[in-house]
Amino acid sequence: MLRATLKGMASRKARLVLTSLAVVLGTMFVAAAMVLTSTMEKSVSGVIADAYQGVDTVITNGTDPAAAQGNTPSAATVPADVLDRVAGVDGVDRAVGEVSGQVNAIGSNGKLVGTFAPTIALTWDSGDDSGYIEFHEGDGPAADGEVAVSAKFVADSGLDIGDTVTAYSYTADRTDFEIVGVYGLSGDRDSLAGETQIMFTTADAQRMLLEGEDAFTTVYAYGDASTDDIAAAIGSDEYRVQTGEEASAEAAEGFAVVADFMGYIFLGFGLVAVFVSVFLIINTFTIIVAQRQRELALLRAIGAGRGQVVRSVLTEATVIGVLASVVGLGLGLLLGWGLSQVVSATMMGGLPVQLLIPATTMWALVVGIGVTVLSALIPAVKASSVPPVAAMREAVNPPKPLRGITIAGAIVFAAGTVLIALGMTDNLGGEELTGILSGVGIAFVGVTMLTPILSRPLVALLGAVMSWSFSGRLGKLNAGRNPRRTAITASALMIAVALITGIATLVSSIKSTTAEVLDLNLNSDLIVSGAQGGANIPSFSRETLAEIRELPEVAAVGDVYMDFFGTQIDGEDAPLASSEDLNAALGVFGGTVAEGSVTDLAPNSVVVDEGTAEDRNVALGDTVEVTYADGETAQLEIAAILDGYDLTNGWWVSPEQIEHFTLPKPMQAYIQLEDGADAAVVQNEVDEILADEPEVGVTNNAEFVDQQTSGLDTILAAVQILLALAMIIAVIGVVNTLVLSVLERTKELGLLRAVGMTRGQVRRMIIVESVIICLFGAVLGIAVGIGLGWTVQRALEDEGLTNFALPWGLIVMYLAAAVAVGLLAAIAPAARAAKLNVLNAIAYE
Amino acid sequence: MSTASPVKTTAVAAQGVWKAYGQGEAQVVALRDVSVEFASGAFTAIMGPSGSGKSTLMHCLAGLDTTDRGTVGIGDTTITGLGDKALTKLRRDKIGFIFQQFNLLPTLTAEENITLPLAIAGAKADPDWIKRIIHTLDLTDRLSHKPTELSGGQQQRVACARALASRPEVVFADEPTGNLDTRSGAEVLNFLRTSVDDFGQTIVMVTHDPNAAAYADRVVFLADGQIVEDMADPTADKVIDKMKHFEELVAAAQGENA
Amino acid sequence: MPLATPPAPPIVRNAVTASGLWRAYGSGEAQVVALRDVSVAFASGAFTAIMGPSGSGKSTLMHCLAGLDTTDRGTVNIGDTVLTGLGDKALTKLRRDKIGFIFQQFNLLPTLTAEENILLPASIAGAKADPAWVNRVIATLDLSDRLSHKPTELSGGQQQRVACARALATRPDVVFADEPTGNLDTRSSAEVLGFLRKSVDDFGQTIVMVTHDPSAAAYADRVVFLADGQIVRDLHGPTADSVIDTMRDFENAVPLAGKAA
């Protein structure tokens with residue numbers, strides 16, 4: 001039996017190639033994802049371990065690990081006397097204190113240095129002989145007022161050795177420093193992972209980051225003292241004592257999150273590709289079994305058991321699965337390595353890549369083989385039920401009734417939608433998001449099961465458009481004659497299109513919401529704001545604000561101050577906002593007052609929107625207690641209630657409270673121009689005023705929207721590329737089905753040619769069939785995708801995603817792509833059909 | 001579409017046709033210098049034992065296969081040397097086919113199958129003519145059925161209707177009753193006979209069944225790629241005798257070779 | 001089941017027995033009754049032909065006798081084993097070990113050589129065929145120089161001979177042949193039929209053959225005639241002429257009320 005199976009396979013080589021290709025692609029992506037994740041993790045921990053080279057013990061303030069980075073206004077520190085005590089421990093050769101955090105440095109163009117991260121500030125450890133830091137020019141800061149900067153800093157800022165750089169932080173004003181040295185990291189690198197660095201003396205760093213406190217954010221000990229000894233010497237459990245390795249591993253983890261995230265994305269798409277392959281494999285084996293029917297019936301007649309027949313079909317599947325998965329694994333390793341290089345070069349500043357192939361890549365093999373064999377199981381079992389009598393005659397395959405799968409599909413779909421509905425109406429006890437996502441997945445499966453029954457009317461509809469010629473009509477009939485097969489083929493395409501349409505719908509909804517929020521009532525023409533790249537919320541000075549107000553063409557300015565570091569209202573966390581003139585600001589924002597008044601806002605007042613007021617159970621006239629980051633509190637009376645409106649929702653405290661904010665500076669300004677003013681001209685004027693403001697810039701409304709959504713377009717493009725993989729597999733599926741159908745219908749084609757159909761007409765027939773199947777998949781996919789997008793949008797409506805917008809341009813593009821794909825996929829099958837030798841086709845043996 | 005002309009012209013003619021398959025030692029010569037004419041408006045049967053070349057002859061006459069030597073003509077047209085497009089057109093407009101099985105497209109109804117060649121040509125059928133055929137073949141109440149809903153005999157009748165729908169110059173039938181029981185077979189043969197008698201159709205039928213051959217006006221016997229006998233006004237018995245005679249000849253010849 | 005030595009022909013009198021078989025297809029108006037109360041026994045070591053016009057039920061009868069189709073009523077026995085009511089597994093085993101098949105066409109797996117096709121049932125059983133016996137069969141069928149050829153490289157007659165060899169390779173209790181010479185020319189037919197005859201005469205094989213060809217039936221020891229699902233005649237020691245005459249009687253006797261296919 002085995003030999004018969006293997007020999008049978010050899011004769012069907014061509015048919016199996018396409019199937020194998022799909023498995024290869026899916027496995028490849030899964031393996032690549034795993035390699036990418038582990039390689040990036042290893043590479044990152046590699047460079048971090050470099051940084052911790054030689055460090056034996058690390059002491060930090062244990063209360064808040066994140067605060068030890070000097071990120072927040074109140075850093076957690078290790079006092080200087082602890083350093084002394086550590087230095088005095090037996091076995092400690094050297095103890096060094098480091099002050100590190102984030103600062104804003106102003107580059108030669110007047111704007112902040114650093115693209116998507118603030119500049120890292122460090123202290124210069126003159127006793128460090130590890131070779132981790134290599135000076136290209138000059139040396140470390142010997143005196144206060146001097147700094148050394150990393151090579152990346154030089155590249156990003158346009159400054160160089162000898163220049164003056166201005167730096168400031170949340171807690172320190174602008175101070176000038178002279179650049180006395182430029183360094184790189186060991187291995188001839190400009191940065192650790194793409195960030196910019198600046199090195200101060202210890203005193204300067206303490207001034208910039210710790211408000212002058214004589215303390216450190218970290219203490220490093222070198223020597224062979226144990227952590228226990230040191231911990232005992234410090235004698236307090238307020239401090240964490242770790243070995244160098246422990247600290248290095250912890251730091252690496254934080255970085256690795258990014259790599260992991262990307263790995264998971266790839267893995268996700270790999271799994272989608274694998275899922276799509278399932279359809280392809282089921283189809284192929286169904287067709288193969290149908291063509292082997294006589295052979296299988298013969299085997300059954302001469303005594304092969306059902307199990308043997310099933311095993312025969314599954315053997316074929318296993319062989320394909322193993323071969324294809326192994327090839328896919330190999331290619332996946334290569335791809336993973338390649339991706340790591342790309343990611344490292346583009347996103348992590350040329351991090352040296354240390355390839356690590358995790359044992360988990362074996363799972364790619366398991367997935368590839370498992371999916372192939374399991375998918376072939378259904379056709380295999382069907383094959384075994386071929387009655388031996390079928391060996392005696394040319395069996396006619398009546399189309400199987402669709403009732404079973406339709407009912408099952410309807411039930412599954414209903415279950416999915418119920419789950420979604422429950423989730424959206426908050427009836428799942430806290431697991432709403434999980435419920436909605438599961439519901440979406442289940443509904444998806446349900447739609448896939450309903451595809452066969454949907455294929456009839458849809459194919460007829462789509463075909464009506466294309467059956468102006470007789471061959472077109474025949475093609476349409478062929479597309480509809482086996483609903484299951486058409487459905488399975490189209491489903492693969494549907495999945496890819498549905499996912500991409502869903503994401504595109506979401507993106508366009510987000511864009512539309514953002515645009516609408518601005519357009520709705522917003523009366524401003526220009527907006528002053530900053531990208532979140534600095535060490536703090538981007539802000540500018542009050543003087544600058546005043547200057548802007550004084551511009552002749554400016555009618556009104558709505559300014560916004562904000563704070564959310566540890567701010568609370570009545571004991572609950574709440575972000576705060578304020579404005580110098582709330583009444584004027586509301587005018588610019590287009591917000592309206594529901595109750596009370598905002599003109600001449602009295603001190604110790606607060607204004608809140610009606611939605612929040614309802615949630616907090618407060619009303620006009622009530623008093624609430626506000627708590628600030630520094631611990632100070634105040635009792636504020638609710639002076640007005642605002643109508644619900646995105647831009648003005650929240651708590652607005654009266655302006656004299658601003659001095660309690662962590663950063664009492666304006667952060668945004670919405671500028672309304674006089675009628676007839678030229679926005680472009682005014683924009684230039686504001687730009688000049690902002691020359692001295694490194695953190696913010698001015699944009700008009702359209703630019704502002706683009707700024708907020710540019711990231712989305714990138715995401716959308718990336719998703720489209722990744723889903724292209726699934727699309728390729730789906731297209732392979734279409735080609736596969738068509739080729740096998742042509743082979744199956746040899747006699748019919750022979751008949752048509754014999755009665756006078758030309759080669760061109762035959763080709764047209766196949767082309768129409770192909771285009772209809774692809775359009776069917778695309779139309780269904782678009783419908784499902786819109787449903788998906790709508791569901792997610794509704795689920796996030798409360799979070800602010802209020803608009804639902806269809807990406808019409810993209811939808812048309814996807815439909816056109818489906819037609820193009822249909823034409824492409826038909827090339828080989830049509831050629832095959834046209835080349836048919838009529839005589840052979842109509843012969844009986 | 002040709003009109004059924006009562007003038008006795010030659011509908012199909014083969015002249016010096018040779019056809020061989022394979023190479024060298026394994027070469028099989030299927031037709032050796034075959035020359036034959038089929039009169040228009042006549043019903044001719046081609047018979048012969050398995051391997052005699054009768055199917056090959058029909059394929060060559062119908063333009064489904066090329067000849068190595070010799071020429072074939074349908075009516076006034078010489079089909080030898082025509083390209084695929086021209087041959088296809090010829091098959092569409094001037095030739096009708098009835099095969100032993102797989103005559104119909106499963107996705108079309110009986111009626112659509114009948115008008116298939118016309119639909120392919122994008123032409124309109126002559127409604128009166130179609131009605132007449134359908135009526136004669138007793139298919140009027142089966143027109144909207146798909147082939148799977150028809151019995152074997154009904155399917156062959158639909159095939160007959162299709163073959164005649166475009167009023168071709170000649171209808172080639174390859175074992176049309178091979179898969180049918182006696183009664184269905186008789187119906188089909190009767191219809192073929194009627195089409196010749198009443199409509200002036202020309203029919204060339206390959207068969208191995210003496211009873212079927214009896215419906216023809218003439219039987220051409222092939223053996224070993226050559227025409228060995230030409231019988232006018234055949235009856236089943238005469239044909240059976242002839243066939244038996246051949247088998248003896250063939251057996252004797254093989255007995256010599258063995 | 002190792003076939004080390006060819007067992008002596010079993011002394012069971014009847015290799016195949018059918019009792020009161022009924023078989024109908026379809027329902028209501030479109031129902032076709034293929035077999036009506038058919039009872040017949042086939043002697044072991046004999047060559048029996050089943051004949052009848054198209055639609056007489058002869059193929060259906062063979063399918064039922066061979067366990068390829070179920071009956072609505074009645075029982076079938078192969079030797080001592082009751083076929084009726086057996087589950088698929090048991091039926092499969094039976095077909096593998098005790099029954100041989102020769103079909104009109106599509107007998108061979110196109111991807112296997114002649115030799116592999118002959119040994120196929122044994123391979124399926126995971127057993128080894130008796131090499132001496134198989135060689136004898138191959139020699140008798142004159143296939144020794146064709147063993148490594150694939151079916152596409154064999155003529156129609158040769159293919160059928162390979163099929164015969166396969167059917168006999170396991171020395172089954174009975175060989176069912178369904179129009180084995182239907183697609184063959186006279187000479188090849190004669191070869192195959194001659195071999196079948198020889199296997200009965202020399203090896204004691206039991207053969208039940210369905211055919212429409214009178215000269216093929218003439219090779220048999222006995223011809224059973226079916227018409228309209230019933231056995232209407234039983235002819236012993238047939239000749240081609242006597243068979244033709246008997247057939248003619250039917251076709252005249254049975255009016256055109258026969259069911260269309």
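Just so you know, these numbers use all the heavy atoms, side chains as well, and skip hydrogens, waters and symmetry mates. Each chain gets a letter, A, B and so on, in the order the sequences are listed, and its residues count up from 1.
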Strictly below 4.0 Å, N to O, side chains only: are [X] and [Y] in salt-bridge contact?
| X | Y | result |
| --- | --- | --- |
| B/E187 | B/R157 | yes |
| B/D84 | A/R753 | yes |
| B/K19 | B/D65 | yes |

(request) Side chain from CB out, backbone as N, CA, C, O: work out which of these in B/L104 comes under 4.5 Å of a heavy atom of chain A, or both, or neither. (result)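 The backbone, not the side chain.
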(request) Counting only heavy atoms closer than 4.5 Å, note whether A/R745 contacts chain B via side chain, backbone, both or neither. (result)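 Looking at A/R745, nothing touches chain B.
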(message) Is A/S471 in contact with chain B via its backbone, its side chain, both, or neither, using a 4.5 Å heavy-atom distance?
(response)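 Answer is neither: A/S471 stays 4.5 Å or more from chain B.
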(request) Evaluate the salt bridge (charged side-chain N to carboxylate O under 4.0 Å, His left out) criterion for residues B/E112 and B/K146: first the C-alpha distance (whole Å), next the side-chain angles of each, then the deciding distance (0.1 Å), finally the verdict. (result) CA-CA 9 Å; B/E112 289 165 337; B/K146 290 251 180 64; over 6 Å; no
